[in-house]
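These notes concern the structure reproduced below.
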Number of protein chains: 2
Amino acid sequence: MAPMYASNEGDEPTAGSARERVLSTAARLFYAHGVRATGIDRIIAEAGVAKMSFYRHFPSKSGLVQAFLDRRHAQWMAWFEAALQRRVAQAGVPRLSMLADVLGEWFAQADFRGCAFINLVAEDGEADGPERALAFAHKLELQAFVAGFARSAGVPDPDRAAALAMVVIEGAIVRTQMTGDAAMAGLAARLLDGIAIGLRDGRAS
Amino acid sequence: MAPMYASNEGDEPTAGSARERVLSTAARLFYAHGVRATGIDRIIAEAGVAKMSFYRHFPSKSGLVQAFLDRRHAQWMAWFEAALQRRVAQAGVPRLSMLADVLGEWFAQADFRGCAFINLVAEDGEADGPERALAFAHKLELQAFVAGFARSAGVPDPDRAAALAMVVIEGAIVRTQMTGDAAMAGLAARLLDGIAIGLRDGRAS
DNA sequence: ATCTTGACAGACAGATCTGTCTACATCAAG
DNA sequence: CTTGATGTAGACAGATCTGTCTGTCAAGAT
């Protein structure tokens, strides 16, 4: 493979192709500091890449942002579904509040800074460009997955359960981001159990 | 919150002092497009104010942002508490889900773009400056108010009820922002009722 | 051995952003 | 009438940001 000439200012040895280094560096910086606050110059400096190498692989900063969101969506969903499946296998039966348990693992990570898609929409002003659409699509897919999980957990009206659960999920994410309190997952678990109980009792509609 | 900005919707730059025009224009632009995306030049242009008039009244852009957050906090809280009080007076008795009804009024506004404080933290990168502290303080005060309201509604363990309710509140705000669906207030009302029921049944702990 | 490809290094243009500065106008109070 | 406070208009410096450009280098392919 391509040998690496430039070392990375004491960072880990630069691994992978230039494109891969740019994308992983951008992912870290975009998530940690926000898209707008992260300049191309900083990305290429930390990735140990020339500017033209960046523009050979990405058409623009917006293109890089979209690539970041695409990858983030795929990786996060894969992680979330796998972690949830692990819990289900361990407990033997699925339960709505397991969604919160998995979120709790995420919240405990040192670099947690909320949901990248929520943060993007929050800083995006209005500009309904392709980035915004990717964020919306991510949430739609998550909601569809939650509905399927609710169905597998035997919750009546799983679509409504998913709509309710999404409010709790986003709330727990944002509350953790705003307070730094790790206890939000526990509150979310309690609320998700309440959703299942309420729907079973027919208290909803 | 409608009456809050009704002031300079189509108003001419000749309304109020220069400081007031700058602050109300900044409030509108900061909320609509985000803090980072809104430049000083645009603010002073739309406010019809000279640059030096701006820097005579505010020490820096950061100072303006803080003034914006201060005012936003005061006005939003005042509006929220008044609107809630109106509902309570109308119904005769307080009920936790009324929090969601009031949020629904907010969500229905044409220029709704989520919570200014959440958006600020989301776009703020990390930089723990004074702006971030104001956002956290806002959420703390809101939670304290919700706890008091839960107590007045006769909910057992009002502090825990408030912690749970805050998850639902933030979730409903963000879900409305991310989906544009006006139905989130209804879902939140259902969840808030579930909190009250769960705590009354002692299902919480 | 030469050509092509991918990469690095860094200068550069053009735009934009914050903050400072000068110059001039208005108006109220001493 | 002069002085000070407040305001407008706009030039300017310095930084930063995106995107383009030239030059050089290493290694594989032909």
Side-chain angles (χ1 to χ4, degrees), chain A residues 1-26 29-30 32-68 120 123-127 129-131, chain B residues 8 11-26 29-30 32-69 120 123-127 129-131:
Chain A
M1 275 304 186
M4 265 68 63
Y5 322 101
S7 55
N8 211 0
E9 281 106 357
D11 238 6
E12 289 81 62
T14 56
S17 66
R19 184 180 200 278
E20 173 53 35
R21 273 178 289 153
V22 167
L23 192 45
S24 63
T25 303
L29 295 176
F30 283 160
H33 310 298
V35 168
R36 210 168 187 117
T38 302
I40 293 293
D41 284 347
R42 180 168 180 191
I43 293 171
I44 66 171
E46 295 201 17
V49 151
K51 204 167 219 182
M52 276 316 289
S53 299
F54 163 71
Y55 278 105
R56 181 152 31 238
H57 290 294
F58 301 94
S60 63
K61 183 182 179 181
S62 172
L64 175 62
V65 174
Q66 292 171 55
F68 155 63
L120 181 114
E123 75 169 306
D124 202 19
E126 66 209 313
E131 296 97 327
Chain B
N8 81 336
D11 265 10
E12 282 324 296
T14 47
S17 67
R19 182 178 200 280
E20 174 53 35
R21 273 177 289 153
V22 166
L23 192 46
S24 62
T25 303
L29 295 176
F30 283 160
H33 310 299
V35 168
R36 210 171 186 112
T38 303
I40 293 293
D41 284 347
R42 180 170 181 190
I43 294 171
I44 66 172
E46 294 201 17
V49 151
K51 204 166 216 180
M52 278 314 289
S53 299
F54 163 70
Y55 278 106
R56 182 154 28 237
H57 290 294
F58 300 94
S60 63
K61 182 182 179 181
S62 171
L64 174 63
V65 173
Q66 292 171 54
F68 154 61
L69 293 174
L120 182 113
E123 74 170 306
D124 201 19
E126 67 210 312
E131 295 99 325

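Below, chains carry the letters A, B, ... as their sequence lines are ordered, and counting in each starts from 1. This is a predicted model, so every value here is computed, not measured.
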Over how many whole Å does the gap from [X] atom [atom1] to [N] atom [atom2] extend?
X	N	atom1	atom2	result
B/R36	D/dT16	CZ	C1'	11 Å
B/F58	C/dT20	CZ	P	15 Å
B/R56	D/dG4	CZ	P	15 Å
B/I44	C/dT18	CD1	P	10 Å
A/D41	D/dA15	CG	C1'	12 Å
A/R42	D/dC17	CZ	C1'	14 Å
A/M52	D/dC25	CE	P	19 Å
B/Y55	C/dG19	OH	C1'	5 Å

Donor-acceptor under 3.5 Å (A/E123 side chain, A/R36 main chain):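 Present.
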
Show the nearest heavy-atom pair for residues A/A26 and A/I43, with the distance to one decimal.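 Minimum heavy-atom contact is CB-CD1, 4.0 Å.
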
Over all heavy atoms of both residues, which pair between A/F68 and A/L23 is shortest? Give the atoms and the distance, please.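 For A/F68 versus A/L23, the nearest heavy atoms are N-CD1, 3.9 Å.
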
Please pick, from C/dG19, C/dG6, D/dA9, the nucleotide with the shortest atom-to-atom distance to any side-chain atom of B/S60.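 Within the option list, the nearest is C/dG19.
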
Does A/K51 make a side-chain donor-acceptor contact with the base of D/dG19, cut-off 3.5 Å?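 Flag set: donor-acceptor pair detected.
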
Counting only side-chain nitrogens and oxygens, does [X] get under 4.0 Å of the OP1 or OP2 atom of [N]?
X	N	answer
A/S53	C/dG6	no
B/R21	D/dT8	yes
B/H57	D/dT6	no

How long is the span from the OH atom in A/Y55 to the CG atom in A/L64, to the nearest 0.5 Å?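 Here the interatomic distance stands at 9.5 Å.
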
